[in-house]
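Some notes on the structure that comes next.
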There are 2 protein chains.
Amino acid sequence: MSSQLIKEAALKLFAENGYEGTSLAQIGEEIGMKKQSIYSHFTSKDDLFLAVLEDAFVVEQQHKQDYLKQHLDEPLHDFLIKTLYRYIERFQDDNRLKFWLRVSFFPPAHLYEEVMNYLYRYIDQVDSLYLKRFQRAIELNEIKKIEADTANMAFSALIDSICVELVYGGTERSEKKLQAAWQVYWAGISSVS
Amino acid sequence: MSSQLIKEAALKLFAENGYEGTSLAQIGEEIGMKKQSIYSHFTSKDDLFLAVLEDAFVVEQQHKQDYLKQHLDEPLHDFLIKTLYRYIERFQDDNRLKFWLRVSFFPPAHLYEEVMNYLYRYIDQVDSLYLKRFQRAIELNEIKKIEADTANMAFSALIDSICVELVYGGTERSEKKLQAAWQVYWAGISSVS
DNA sequence: CAATAGCTGACGAACGGTCGTCAGGAGGGA
DNA sequence: TCCCTCCTGACGACCGTTCGTCAGCTATTG
């Protein structure tokens, strides 16, 4: 199905050049198709963008859910650090994550509400899933003397910082920074301060 | 001088809508001027953008340097947390920071090298200044059992995460997250783990 | 089986609009 | 007087979008 091809090309170009920086002609060229033909599959550029966004959201959400269910029973330390490294791995060859970061940072102005609607749903879901894991960690004495909510938000801040580094730093810089930040973070939530 | 007016309007609009999302007509309208008149002051859109970028870089660099020299002798704890809160304050009513964040995350593709050139110079400078402060902190026993480099990179990750939250979260969410991340960070670098 | 009718995806041409760009002129201060 | 600033008018290029068309497939029909 060529709707799928179009969406994949659009995903890649939107991720690299943003909404305004990507023309339908470029998307068509990417898959050997004239821009007019895109209108056989989508009613407008916005329609295409929102379809890509919807897809990215659904896949990302499902992906996260599956991943969490699969690794939730590992020791907290292993679980968290594995989560962080996954971001670095995925960013390299997965346009979905790149797209997701770009549009949630700087969405096209006239689609701000739609984008933020997806984004907040995603954040809320992820936050609550991780929070449960932190609460269990406290019950199991994996970490001490810290609010689950605090550990959770600080971890989410850690993820944010990796994303930043991925967007403008290289991979090796991201890894170095990740190691440093992780060392401090883990010391912080497992200390008895 | 109206070159200055143009640059200020451009700074604001580039910060809010990005390079591709900002037209010269909009910039002109912002200061009651036709887009054609902008060409009396700048040879092209790129020229204007690079001028704004240069300004933002110089001012930001100077600003940071002054700030550091002024507060470098405070206790590490106060110095660091004050630095973090400054980001939140400045983001609200200083377009320069907003502009700086946006273009370093997602620069216009054809000006990638120029932007990154400034960015890396800025990062290197800031990194080395903070590193010195951390080294002194270790000598003064303000923090213990941790490499200055590690504490420095983790702190820089903390700043990154604040920037992320500022870009797409609200101010109150940024502050909550900052408090959590800071609590864990400070526990981490001052623990004896 | 073959003939026919309808549907679909892709494309050339062209629309109105906006972009960045440039030449040329009006106005005013030194 | 001569610059400098700002304006106007016009330009080609490209944007997203629409229209009409045409080839190829599918299904129906006799």
Side-chain angles (χ1 to χ4, degrees), chain A residues 1-56 95 99 102-103 106-115, chain B residues 1-56 95 99 102-103 106-115:
Chain A
M1 204 55 164
S2 52
S3 313
Q4 197 55 36
L5 278 178
I6 295 173
K7 282 196 282 186
E8 281 167 22
L11 177 73
K12 178 187 163 198
L13 290 170
F14 283 147
E16 285 171 3
N17 307 319
Y19 179 88
E20 288 93 353
T22 302
S23 72
L24 293 181
Q26 285 175 49
I27 296 174
E29 199 177 0
E30 190 82 10
I31 54 172
M33 183 185 263
K34 296 293 168 183
K35 62 175 176 173
Q36 305 91 313
S37 309
I38 296 176
Y39 285 86
S40 301
H41 304 268
F42 302 94
T43 68
S44 67
K45 187 184 185 183
D46 284 0
D47 183 39
L48 169 59
F49 177 82
L50 290 174
V52 171
L53 180 65
E54 164 86 21
D55 270 22
N95 287 321
F99 171 84
R102 174 149 205 159
V103 302
F106 303 110
H110 67 292
L111 298 175
Y112 183 82
E113 276 99 20
E114 285 90 336
V115 171
Chain B
M1 206 54 165
S2 52
S3 313
Q4 197 56 36
L5 278 177
I6 296 173
K7 282 196 281 186
E8 280 166 23
L11 177 74
K12 178 185 163 199
L13 290 170
F14 283 148
E16 286 171 2
N17 307 318
Y19 179 88
E20 288 94 352
T22 302
S23 72
L24 293 181
Q26 286 174 49
I27 296 174
E29 199 177 0
E30 190 82 10
I31 54 172
M33 182 185 264
K34 298 288 172 185
K35 64 172 178 174
Q36 300 92 321
S37 307
I38 296 176
Y39 286 87
S40 304
H41 304 267
F42 303 94
T43 69
S44 68
K45 187 182 184 184
D46 285 359
D47 184 37
L48 170 58
F49 177 82
L50 290 174
V52 172
L53 180 65
E54 164 87 20
D55 271 22
N95 288 320
F99 171 84
R102 175 150 204 160
V103 302
F106 303 111
H110 66 291
L111 297 175
Y112 183 83
E113 276 99 21
E114 285 90 336
V115 171

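What you see is a predicted model, and the numbers here were worked out from it, not measured in a lab. Below, chains carry the letters A, B, ... as their sequence lines are ordered, and counting in each starts from 1. Only heavy atoms go into these numbers, but all of them, side chains included; no hydrogens, no water, no symmetry mates.
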So what does B:Gly28 hit on the nucleic acid, given a heavy-atom distance under 4.0 Å: a base, only sugar-phosphate, or nothing?
-> nothing
Would you indicate whether B:Glu29, at its atom CD, is surrounded by more than 12 heavy atoms from other residues, nucleotides or ligands within a distance under 6.0 Å?
-> no
Reckon B:Lys34 has a side-chain N or O less than 4.0 Å from the OP1 or OP2 of D:dC6?
-> no
If you measure only the distance, is there a donor-acceptor pair under 3.5 Å linking the side chains of B:Tyr19 and B:Asp46?
-> yes
Close side-chain approach of B:Ile27 to B:Lys35, heavy-atom, < 4.5 Å | no
Taken to the nearest whole Å, OH/A:Tyr39 to P/D:dC19 is 12 Å
Just to confirm, is there a sub-4.0 Å distance from OP1 or OP2 of C:dC19 to any side-chain nitrogen or oxygen of B:Ser23?
-> yes
Rounded off to whole Å, could you give me the CG-to-P distance for the A:Leu5 and C:dG9 pair?
-> 14 Å
Full working for side chain to side chain contact (heavy atoms under 4.5 Å, CB included) between B:Leu53 and B:Phe99 | CA-CA 9 Å; B:Leu53 180 65; B:Phe99 171 84; 4.1 Å; yes
Is any side-chain N or O of B:Gln36 under 3.5 Å from a base N or O of D:dG9, one able to act as donor and the other as acceptor?
-> yes
Give A:Thr22 one of three labels, base, sugar-phosphate or nothing, depending on what nucleic acid heavy atoms sit under 4.0 Å from its own.
-> sugar-phosphate
Between B:Ser37 and D:dC7, is there a side-chain N or O to OP1/OP2 distance below 4.0 Å?
-> yes
Nearest nucleotide by nearest heavy atom, which residue falls closer to the 5' end of DNA chain D, B:Met33 or A:Ala25?
-> B:Met33
D:dC4 phosphate, OP1 or OP2: any side-chain N/O from B:His41 under 4.0 angstrom?
-> no
With distance as the sole criterion, do the side chain of A:Lys35 and the base of D:dG16 form a donor-acceptor contact below 3.5 Å?
-> yes
Quick one: B:Phe42 CZ to D:dC6 C1', roughly how many Å, whole number?
-> 15 Å
